[in-house]
K.L.:
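The structure follows.
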Amino acid sequence: MKTILEQISETVAKGFEAAGYDASYGKVGVSNRPDLCEFQCNGAMAGAKAYHKAPMAIAEEVAAKLSGNSAFSMINAVAPGFLNIKVSDDFLSGFLNKMESGDKFAVDMPQPEKIVVDYGGPNVAKPLHVGHLRAAIIGESVKRICKYLGNDVIGDVHLGDWGLQMGLIITELRERKPELPYFDESFEGEYPSEAPFTLSELEEIYPAASAKSKEDEAYKEAALEATGQLQRGNRGYRALWQHIMDVSVPDLKKNYKDLSVEFDWWKGESSVDALIPDMVKDMKDKGFAYESEGALVVDVAQESDSKEIPPCMILKSDGASLYTTTDLATLLDRRSCFDPDHVIYVVDKRQEMHFIQVFRCARKTGVVKDGVKLDFLGFGTMNGKDGKPFKTREGGVMRLETLISDIRDTMYRKIMDNHEADPEEAKKTSETVALAAIKYGDLSNQATKDYVFDTDKFTSFEGNTGPYILYTIVRIKSILGKYTADGSKLPTSIGKPQNDLEKSLMLELSKFAITVRAAYDEIAPHRICAYIYDVCNAFNRFYHETKILTEEDAAKKEGWIALLVLTKRILETCIDLLGFEAPEKM
RNA sequence: GUGUGUGUAGCUCAGCUGGAUAGAGCGUCUGGCUACGGACCAGAAGGUCGGGGGUUCGAAUCCUCUCACACACGCCA
């Protein structure tokens with residue numbers, strides 16, 4: 001089904017044509033003056049110049065052609081040339097009933113694509129910290145939106161498991177436990193199946209090693225050497241690497257699960273190591289890659305660049321691969337496993353230059369086929385209330401687990417304060433609400449901008465927050481629960497609006513398809529947040545003025561209940577696209 | 001230095017790609033509890049859209065200059 005804007009635009013376009021003007025002037029948008037109308041068309045003003053005619057005259061002619069159209073209850077020409085429109089009750093309720101009965105609210109699906117969403121990007125052996133939060137939340141939502149619109153979508157965590165951080169850990173381990181067989185080059189037996197460290201030791205080792213490498217040049221050399229050896233297949237290092245993975249990955253999986261973030265692929269940089277030699281050879285053979293300052297690079301500068309773009313480095317001067325190498329090889333791997341039409345990277349925006357280089361290099365060298373879309377969705381920094389990057393009170397990096405449990409505790413206290421609840425149930429509810437608070441707080445901002453993570457604001461039940469959205473849904477559930485308590489079936493046929501507040505709610509609901517398509521086309525989950533906030537407000541206003549369950553006119557009551565059912569379904573669909581869900585009670 | 005991005009109410013943010021009187025929330029002030037869940041609703045105050053210039057019927061939105069901040073600029077990821 002076409003969107004409500006498309007349907008109205010088609011009708012208005014016919015009016016323009018009937019009056020002798022080009023149909024393209026009939027484009028209709030949502031009104032920015034809700035006090036005057038519901039929809040508006042500005043085409044008469046746009047066309048005034050082309051036709052050398054006063055805009056008001058054009059608008060009046062078109063309005064005359066369209067007056068009496070059954071889709072409209074009002075269409076007026078207003079100075080200096082606006083066409084103000086209100087839709088008819090029949091048209092609106094008809095539209096909603098088609099939404100209600102259609103699959104996925106009868107949204108027109110785009111041409112399906114095969115899409116890989118690359119998000120997450122955690123380093124193994126390092127606990128997730130708040131810096132990983134945005135990638136996980138935004139990426140998950142982007143993935144769900146793409147899936148909803150009928151695409152074949154893979155979410156890939158793309159672990160950082162092959163770079164210098166692995167060499168650092170190996171080096172530090174060697175200093176601490178040189179007696180381990182992994183460091184004995186003459187060792188030919190079987191390595192222990194048990195890892196020589198626990199998760200918490202591992203989490204302590206990496207920062208320690210990282211700090212040392214910044215001060216001690218020789219230490220850093222050793223780490224770089226270890227990285228290279230690992231990549232070249234040093235048997236003991238590979239065994240250690242496997243231990244690191246075995247200890248670290250299950251913990252990462254648990255953390256992401258707690259965030260309701262699910263990856264289809266748990267691949268990483270290491271997964272594509274075997275593809276690198278042939279890829280590099282191919283780039284050399286084709287003449288793209290050449291040696292520069294000891295490293296192997298591919299030029300990616302273009303004439304239109306306003307700034308010099310450095311060449312894309314394929315191999316370091318010591319011959320080791322680096323993140324451009326694995327990112328390129330990953331594209332090859334995805335091509336052979338899945339052959340995507342579109343790859344979307346959800347990564348910190350500070351890495352934009354890297355992806356410009358990778359994308360250009362991939363196209364130039366034929367790593368991706370012509371026509372494959374490569375998108376970089378760079379997200380901004382998560383700041384504290386002071387406007388500076390989010391830190392613990394001590395100034396350190398906050399672990400994601402800590403952040404989440406803090407919010408859960410806050411939610412739990414609020415729930416228990418507000419009314420008596422079973423502590424066990426309240427605990428479960430607080431987890432659900434906390435997740436909504438965090439995710440909505442993030443997603444309601446434009447992804448590309450920096451934003452302030454404000455716990456007090458995000459956990460509030462008032463205003464544009466996750467808890468407010470959930471509260472509205474729970475309230476609807478409560479009413480519907482009362483309605484069905486006596487065994488009544490939920491009606492589905494939505495009636496004509498009885499008053500302005502009801503019509504406002506219906507109009508909001510009718511915009512679902514527009515919103516979801518905009519969120520998809522622009523890769524912008526915040527569109528959905530803005531939309532459900534509008535829907536919730538419209539619902540709460542309607543609810544406040546309308547006694548639903550005590551209504552004596554059965555037809556009215558059933559129409560309202562059907563409207564609530566649709567409202568609830570749409571809200572639940574939207575929050576699912578954002579990556580969270582509503583509890584039964586709160 | 002070069003490039004990119006950001007700058008909208010006291011604070012946090014929208015603004016549908018050029019339209020009418022620039023919108024929300026929080027905070028402040030005022031009103032509504034015989035509660036289908038008041039964790040709600042209604043209303044008020046609060047703006048030279050960083051600043052200057054330009055494009056046109058019309059600019060927060062496009063162009064230009066300028067100021068402030070953030071980020072990125074070859075062997076980390």
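To find a chain, count down the sequence lines: A is the first, B the second, and so on, and within it residues start at 1. Because the structure is predicted, anything quoted here is derived from the model rather than measured. Just so you know, these numbers use all the heavy atoms, side chains as well, and skip hydrogens, waters and symmetry mates.
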K.L.:
Does the ring of A:F82 lie flat against the base of B:A20, closer than 5.5 Å centre to centre with planes under 30°?
P.N.:
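Stacking is present between B:A20 and A:F82, given that their ring centres fall under 5.5 Å apart and the planes under 30°.
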K.L.:
How far, in whole Å, is B:C26 from B:C65 if one measures between their P atoms?
P.N.:
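Each nucleotide's P atom is 42 Å from the other's.
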K.L.:
Counting distance alone, no hydrogens or angles: does the base of B:A39 have a donor or acceptor under 3.5 Å from a partner atom on the side chain of A:D417?
P.N.:
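Answer is no: no donor-acceptor pair is held.
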K.L.:
Table please: side-chain donor-acceptor pairs of residues 410-417 of chain A below 3.5 Å, with sequence neighbours left out.
P.N.:
residue	atom	partner	partner atom	Å
A:T410	OG1	A:D406	O	2.9
A:K414	NZ	A:T459	O	3.2

K.L.:
Out of B:U17, B:A72, B:G19, which nucleotide sits closest to the side chain of A:K27?
P.N.:
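Output: B:U17.
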K.L.:
Ion pair present between A:E172 and A:K212, side-chain N to carboxylate O less than 4.0 angstrom?
P.N.:
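Salt bridge present between A:E172 and A:K212.
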K.L.:
Is the distance from OP1 or OP2 of B:C13 to the nearest side-chain N or O of A:S444 less than 4.0 Å?
P.N.:
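Checking A:S444 against B:C13: no side-chain N or O falls below 4.0 Å of OP1 or OP2.
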K.L.:
Taking the P atom in each of B:G15 and B:C76, what is the distance between them to the nearest angstrom?
P.N.:
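Between the two P atoms, the distance is 39 Å.
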K.L.:
Can you tell me whether the side chain of A:S460 and the base of B:G25 have a donor-acceptor pair closer than 3.5 Å?
P.N.:
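It does not, because no donor-acceptor pair links the side chain of A:S460 to the base of B:G25 below 3.5 Å.
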K.L.:
Can you say whether the rings of A:F453 and A:F390 are parallel (under 30°), tilted (30 to 60°) or perpendicular (over 60°)?
P.N.:
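Ring orientation of A:F453 relative to A:F390: perpendicular.
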K.L.:
Which residue pairs pass the side chain to side chain donor-acceptor pair (under 3.5 Å) test with at least one member in residues 39-50 of chain A, sequence neighbours excluded?
P.N.:
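For residues 39-50 of chain A, and leaving out neighbouring residues, the side chain to side chain donor-acceptor pair (under 3.5 Å) pairs sorted by first residue read A:Q40-A:N42.
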K.L.:
Measure from the ring center of A:Y51 to the ring center of A:Y21 and say whether it is less than 6.0 Å.
P.N.:
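Yes.
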K.L.:
So, A:Y543 versus A:F539, ring centres under 6.0 angstrom or not?
P.N.:
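Between A:F539 and A:Y543, which both carry aromatic rings, the centre distance is below 6.0 Å.
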K.L.:
Check this one for me: any side-chain N or O of A:Y531 less than 4.0 Å away from OP1 or OP2 of B:A24?
P.N.:
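For B:A24, neither OP1 nor OP2 has a side-chain N or O of A:Y531 closer than 4.0 Å.
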K.L.:
Tell me what A:L322 touches on the nucleic acid: a base, only sugar-phosphate, or nothing, going by heavy atoms under 4.0 Å.
P.N.:
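Touches sugar-phosphate only.
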K.L.:
By the definition side-chain contact (heavy atoms from CB on, under 4.5 Å), identify the one residue from A:M586, A:E572, A:E584 that meets it with A:I473.
P.N.:
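Checked A:M586, A:E572, A:E584 against A:I473; only one passes side-chain contact (heavy atoms from CB on, under 4.5 Å): A:E572.
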K.L.:
Report which part of the nucleic acid A:L36 touches: base, sugar-phosphate, or nothing (heavy-atom distance under 4.0 Å, all strands).
P.N.:
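Base, at least one base atom sits under 4.0 Å.
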K.L.:
Pick base, sugar-phosphate or nothing for A:L501, based on heavy-atom distances below 4.0 Å to the nucleic acid.
P.N.:
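Touches nothing.
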K.L.:
Between A:D454 and A:N42, name the one whose nearest nucleotide on RNA chain B is closer to the 5' end.
P.N.:
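Counting from the 5' end, the first nearest nucleotide belongs to A:D454.
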K.L.:
Side chain of A:M313, heavy atoms from C-beta onward: which of B:C13, B:C36, B:G74 has the nearest atom to it?
P.N.:
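So the side chain of A:M313 is nearest to B:G74.
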K.L.:
Remember a base hit wins even if backbone is also touched, and classify A:D318 as base, sugar-phosphate or nothing at under 4.0 Å, heavy atoms.
P.N.:
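Nothing, no nucleic acid heavy atom in range.
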K.L.:
Under 4.0 angstrom, heavy atoms only, what part of the nucleic acid is A:G160 near: base, sugar-phosphate, or nothing?
P.N.:
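Nothing: the residue A:G160, judged by heavy atoms under 4.0 Å, touches no strand.
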K.L.:
For B:G5, does OP1 or OP2 lie under 4.0 Å from any side-chain N or O of A:R350?
P.N.:
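Checking A:R350 against B:G5: no side-chain N or O falls below 4.0 Å of OP1 or OP2.
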K.L.:
Considering every strand shown, what is the Watson-Crick or G-U wobble mate of B:A42 when both distances are under 3.5 Å?
P.N.:
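In the structure as shown, B:A42 has B:U30 as its Watson-Crick or wobble partner.
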K.L.:
If you look at every strand shown and take non-hydrogen atoms under 4.0 Å, does A:E269 touch a base, only sugar-phosphate, or nothing?
P.N.:
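Sugar-phosphate contact only - A:E269 comes under 4.0 Å of backbone atoms but never of a base.
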K.L.:
When you compare B:U61 with B:A42, how far apart are their C1' atoms, in angstrom units rounded to a whole number?
P.N.:
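Between the two C1' atoms, the distance is 33 Å.
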K.L.:
Just to confirm, is there a sub-4.0 Å distance from OP1 or OP2 of B:A72 to any side-chain nitrogen or oxygen of A:K349?
P.N.:
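For A:K349, the contact criterion (side-chain N or O under 4.0 Å from OP1 or OP2 of B:A72) is not met.
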K.L.:
Provide the closest heavy-atom pair for A:C361 versus A:V300 in the form atom of the first, atom of the second, distance.
P.N.:
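Taking every non-hydrogen atom into account, N-CG1, 3.7 Å.
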K.L.:
Check nucleotides 42-44 of chain B for protein N or O atoms closer than 3.5 Å to its own N or O atoms and list the pairs.
P.N.:
residue	atom	partner	partner atom	Å
B:A42	OP1	A:R541	NE	2.6

K.L.:
Both A:A46 and A:G463 contact RNA chain B. Which one's nearest nucleotide lies toward the 5' end?
P.N.:
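Of the two residues, A:A46 wins.
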K.L.:
Give the nucleotide from the list B:A39, B:C36, B:C75 with an atom nearest to the side chain of A:E293.
P.N.:
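For A:E293, the side-chain atoms sit closest to B:C75.
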K.L.:
Report the nucleotide, chosen from B:G37, B:G15, B:C40, that has the shortest atom-to-atom distance to any side-chain atom of A:Y468.
P.N.:
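Nearest to the side-chain atoms of A:Y468, counting from C-beta on, is B:C40.
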K.L.:
Between B:C36 and B:A22, how many Å separate the two P atoms, rounded to a whole number?
P.N.:
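Approximately 39 Å lies between the P atom of B:C36 and that of B:A22.
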K.L.:
Give a yes or no on this: more than 12 heavy atoms of other residues, nucleotides or ligands lie within 6.0 Å of atom NZ of A:K27.
P.N.:
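Open.
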K.L.:
Need the glycosidic conformation of B:U61: syn if within 90° of 0, anti if not. Which one?
P.N.:
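Anti for B:U61; the angle lies over 90° from 0.
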K.L.:
Out of B:G74, B:A72, B:A39, which has the shortest distance to the side chain of A:Y471?
P.N.:
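Nearest to the side-chain atoms of A:Y471, counting from C-beta on, is B:A39.
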K.L.:
Does the side-chain ring of A:Y451 sit on the six-membered ring of the B:U12 base, less than 5.5 Å centre to centre and under 30° in tilt?
P.N.:
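A stacking contact does not exist, since A:Y451 is not both close and nearly parallel to the base ring of B:U12.
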K.L.:
Closest to the A:S292 side chain: B:G74, B:C13, B:C26?
P.N.:
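Looking only at heavy atoms from C-beta outward on A:S292, the closest nucleotide is B:G74.
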K.L.:
Under 4.0 angstrom, heavy atoms only, what part of the nucleic acid is A:A530 near: base, sugar-phosphate, or nothing?
P.N.:
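If one applies the 4.0 Å heavy-atom cut-off, A:A530 turns out to touch nothing in the nucleic acid.
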K.L.:
Can you tell me which nucleotide in B:A77, B:U12, B:C41 comes closest to the side chain of A:K457?
P.N.:
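Comparing B:A77, B:U12, B:C41 against the side chain of A:K457, the answer is B:U12.
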K.L.:
Just to be sure I understand the rule, does A:N84 reach a base, reach only the sugar-phosphate, or reach nothing, if contact means heavy atoms closer than 4.0 Å?
P.N.:
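Base contact.
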K.L.:
Between B:C41, B:G74, B:C26, which one does the side chain of A:P311 approach most closely?
P.N.:
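Comparing B:C41, B:G74, B:C26 against the side chain of A:P311, the answer is B:G74.
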K.L.:
Under 4.0 Å, counting only non-hydrogen atoms across every strand here, what does A:K547 touch: a base, just sugar-phosphate, or nothing?
P.N.:
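Base contact.
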K.L.:
Looking for any heavy atom pair under 4.0 Å, which part of the strands does A:K49 touch: base, sugar-phosphate only, or nothing?
P.N.:
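The answer is sugar-phosphate, as A:K49 gets under 4.0 Å only of primed atoms, P, OP1 or OP2.
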K.L.:
How would you label the contact of A:T550 with the nucleic acid (heavy atoms, under 4.0 Å): base, sugar-phosphate, or nothing?
P.N.:
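Result for A:T550 = nothing.
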K.L.:
Both distances below 3.5 Å, Watson-Crick or wobble geometry, any strand: find the nucleotide opposite B:C49.
P.N.:
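Because no pair has both required distances under 3.5 Å, B:C49 counts as unpaired.
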K.L.:
Please determine, by modelled atom types, if A:S317 and A:E293 share a side-chain donor-acceptor pair under 3.5 angstrom.
P.N.:
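Their side chains do not contain a donor-acceptor pair, so the 3.5 Å distance test is not met.
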K.L.:
Please measure how far the P atom in B:G43 lies from the corresponding atom in B:G37, and state the result in whole Å.
P.N.:
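These two P atoms come out 24 Å apart once rounded.
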K.L.:
Between A:D422 and A:K585, does at least one N-O distance fall below 4.0 Å, as a salt bridge requires?
P.N.:
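No.
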K.L.:
Is the shortest side-chain N/O distance from A:N540 to OP1 or OP2 of B:C40 below 4.0 Å?
P.N.:
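The answer is no; no side-chain N or O of A:N540 sits under 4.0 Å from OP1 or OP2.
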K.L.:
If pairing requires Watson-Crick or G-U wobble contacts with both distances under 3.5 Å, which nucleotide is the partner of B:C11?
P.N.:
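B:C11 is paired with B:G25.
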K.L.:
Can you tell me, in whole Å, how much space there is between the P of B:G27 and that of B:U64?
P.N.:
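Per the computed distance, 42 Å lies between those P atoms.
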K.L.:
For the side chain of A:R527, counting heavy atoms from C-beta on, which of B:G37, B:C75, B:C16 is nearest?
P.N.:
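Shortest atom-to-atom distance from the side chain points to B:C16.
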K.L.:
Could you work out which one of B:G19, B:C36, B:C75 sits closest to the side chain of A:S317?
P.N.:
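So the nucleotide nearest the side chain must be B:C75.
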K.L.:
Do any side-chain nitrogens or oxygens of A:H526 fall under 4.0 Å of OP1 or OP2 in B:A24?
P.N.:
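No, no such contact exists.
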K.L.:
Please work out if A:N445 contacts a base, only the sugar-phosphate, or nothing of the nucleic acid, heavy-atom cut-off 4.0 Å.
P.N.:
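Result for A:N445 = sugar-phosphate.
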K.L.:
Would you say B:C76 has OP1 or OP2 under 4.0 Å from some side-chain N or O of A:K214?
P.N.:
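False: A:K214 side-chain N/O out of range (4.0 Å or more) of B:C76 OP1/OP2.
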K.L.:
Hey, does the side chain of A:K449 come within less than 4.0 Å of B:G7's phosphate (OP1/OP2), counting only N and O?
P.N.:
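So the side chain of A:K449 is within the cut-off, an N or O lying under 4.0 Å from OP1 or OP2 of B:G7.
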K.L.:
Could you give the distance separating B:C41 and B:G25 at their C1' atoms, to the nearest angstrom?
P.N.:
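The answer is 15 Å between these two C1' atoms.
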K.L.:
Please state whether the phosphate of B:G15, meaning OP1 or OP2, lies under 4.0 angstrom from any side-chain nitrogen or oxygen of A:Q446.
P.N.:
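Checking B:G15 against A:Q446, a side-chain N or O does come within under 4.0 Å of OP1 or OP2.
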K.L.:
Pick base, sugar-phosphate or nothing for A:N32, based on heavy-atom distances below 4.0 Å to the nucleic acid.
P.N.:
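Since a base atom lies under 4.0 Å of A:N32, the category is base.
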K.L.:
For A:Y290 and A:D299, test the side chains for any donor-to-acceptor distance below 3.5 angstrom and give the result as yes or no.
P.N.:
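The answer is yes; a qualifying pair exists.
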K.L.:
If we take the P atom in both B:A9 and B:G3, what is their distance in whole Å?
P.N.:
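After rounding to an integer number of Å, I get 29 Å for this pair.
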